[in-house]
Amino acid sequence: MPSSFYITTAIDYANGSPHLGHAYEKVLSDVISRHMRMSGRKVHFLTGLDEHGQKVQQTALKRGVEPQVLVDEIAAVFKGMLGDLNISHDDYIRTTEPRHKKVVQQFLQQLFDQGLIYKGQKTDWYSTRQEQFLTDKDRDPDGSWPEIYGEVTQTTEENYYFKLSQFQPWLVEHIKSHPDFITPRFRQNQVLEFLKEPMNDLCISRPKSRLTWGIELPFDTSFVTYVWFDALTNYYSAVADKGLWPADVHVIGKDILSPPHAVYWPCMLQALGIEPPRQLLVHGWWTVNNQKASKSSGNATNTLGFAASHGADAFRYYLCREMVVGQDADFSTTTFENRYKADLGNNLGNLVNRLLNMVGRNYAGLIPAAAADEDLEKNLRQLWSDSIKKYGESFAEYQVSHALEALWVFISAMNAYIEARAPWKLAKSTDAADRARLDSCLAHVAEGLRLVGTILTPVMPATCDKLLTNIGRPVATHFDGQLSWSAACTGSQVAEKCILFPPIEVPTETPSA
RNA sequence: AGGCCCUUAGUUCAGCGGUCAGAACAGCGGACUCAUAAUCCGCCUGACGCGGGUUCGAAUCCCGCAGGGCCAACCA
């Protein structure tokens, strides 16, 4: 029985348009999902949309539409992006769905019954602009409130609180005893640092007088629950009836690691008697041409155009190749075009065409069986086993950029191997030994490309299908038995010509400032 | 206040205790022609931010310093 693998992205907030950050997280998760599926895991890949809250309510009000109408529109846009990027999610959860609300309310009721949610009254300073209560810690040294809070007034408001603080010792222990819980490791320090300070209990409600667009507290319908119990619960509510919990990986951005995913979420689950997720995979942020990605300039939204102009696969490859998981990275037109032209067009795409042409010319399109076996062939095969080993090791840590780097060493080596064999010379020879070498040369390149097309299918699914089809092989659906050197290509009929990555004229960018 | 990350060839970055420090791209020179003027070969530059320390040995660990970013909003 295949072991299951449950992976999630953070759910996007239904306010604004999808941009590079949203795209990256989906692509990374998708590549992992497809890789795991091909590795034989029973994958469940969840993504979705966070649709409640003040911002949505305000935007809807401004637009003069019902919030539900607004989020329906936004959901369509975000789902459109998933299609454009060829994301293979198994489920899409929206926090306004009944299946989600039901679980959120069950959670709240259970904690209330356990006495872990209490009603509190706080007289406090409240920032209207930030929609949050302030403490003396938030004051400037001179005692005034920082500009960002806008008008600060003293108010008394009743709200419900979750007894977060009593789970702090458990959480610290859990993080320390599960070193892979927060990946990459250096992110863990941040969280442990945060946990050195005593935590406050977590305010989990808003009175309906201030916010109506949310899920009602089951034990007090004059309140809705506020952000975390709503949003984080999606990971569980989506699979509540599927027996898939705990999640194997939550893929998230560094901004929502601490406190939400590393603190609130595990503590909530612990309080409910539910296992915490196994791992948080924390990625960094993209800049665009060294500028911070911002909504106002739209710079991060514009980058999505590369998926349209150069194909989703090229875009997916670029994102995976360029960002070291965990670190920040920069998206630039120059590096994108370089990767497209050099890595994809010249190194890989052109190599496919070299093979097709030579097999067509010398063997009527039928891939020959390897006959000669000399050092050149032995070395190439050895390099494959080294490369696939590194690929696997890097991928096991979700270091996709390193995995791809290792694979391209092999692709480059195939080009060099052809050069060393010089099949165009062998073809002119009448020597039987040369003919055997020619057989081997084309057989080896074909097999090398079959292997590359197989392992790379999760990263560039459509392209790899095309590659494999063009060398006369079926598309790759699993890795088992398909990643070691074989004679699988012998006798396959190849296509006449195949341009995987056509040269693309990119219109000069609209000048940005 | 405190904490975290980054600082390595012209550029983007990898390496994170042990062979004379690497890749890609760019640049220069050469080879080749099967190919989407593509591929291959060679060359090129670096006090691995600065100053201390630990060690037989440090880009790699520790301390201090400097510069950039983040821990506050939109936001992955």
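Throughout, protein chains are lettered first and strands after them, A, B, ... in sequence-line order, and every chain is numbered starting at 1.
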Could you work out which one of [options] sits closest to the side chain of [X]?
| X | options | result |
| --- | --- | --- |
| A:A416 | B:A76, B:A14, B:C41 | B:C41 |
| A:N347 | B:C40, B:A23, B:C34 | B:C40 |
| A:S412 | B:C25, B:A76, B:C40 | B:C40 |
| A:N15 | B:U39, B:C74, B:C5 | B:C74 |
| A:Y13 | B:C34, B:G15, B:C75 | B:C75 |
| A:W285 | B:C40, B:A23, B:A76 | B:A76 |
| A:N338 | B:U33, B:C34, B:C25 | B:C25 |
| A:H22 | B:U36, B:A76, B:C40 | B:A76 |
| A:W424 | B:U36, B:A76, B:C34 | B:C34 |

Using the [atom1] atom on both, measure [N] against [M] and round to a whole Å.
| N | M | atom1 | answer |
| --- | --- | --- | --- |
| B:G27 | B:G64 | C1' | 40 Å |
| B:C40 | B:C25 | P | 9 Å |
| B:A37 | B:C75 | P | 46 Å |
| B:U45 | B:A21 | C1' | 14 Å |
| B:A1 | B:C44 | P | 48 Å |
| B:C71 | B:U8 | P | 23 Å |

Measure the distance from [atom1] on [X] to [atom2] on [N] and round it to the nearest whole Å.
| X | N | atom1 | atom2 | result |
| --- | --- | --- | --- | --- |
| A:R187 | B:G69 | CZ | P | 17 Å |
| A:K428 | B:C32 | NZ | P | 12 Å |
| A:E25 | B:C75 | CD | P | 14 Å |
| A:L404 | B:A14 | CG | P | 15 Å |
| A:H283 | B:C75 | NE2 | P | 14 Å |
| A:W286 | B:C70 | CH2 | P | 18 Å |
| A:Q327 | B:G15 | CD | P | 8 Å |
| A:F336 | B:A26 | CZ | P | 16 Å |

Subject >> OP1 or OP2 of B:C74 under 4.0 Å from side-chain N/O of A:K55 >> reply: yes
**OP:** May I ask you to verify if any side-chain N or O of A:N346 is less than 4.0 angstrom from the OP1 or OP2 atom of B:U39?
**Re:** yes
Subject >> For B:G2, the Watson-Crick or wobble counterpart (both distances under 3.5 Å) >> reply: B:C71
**OP:** Examine A:W285 together with A:Y24 and report whether their ring centres are nearer than 6.0 Å.
**Re:** no
**OP:** Examine distances only and state if a side-chain atom of A:E322 and a backbone atom of A:A329 form a donor-acceptor pair shorter than 3.5 Å.
**Re:** no
Subject >> Residues A:Y398 and A:H283: side-chain donor-acceptor under 3.5 angstrom >> reply: no
Original post:
Quick one: does A:H19 reach the base of B:A76 with a side-chain donor-acceptor pair under 3.5 Å?
Top reply: yes
Restricting to nitrogen or oxygen on both sides, can you table the protein-nucleotides 7-13 of chain B pairs closer than 3.5 Å?
none

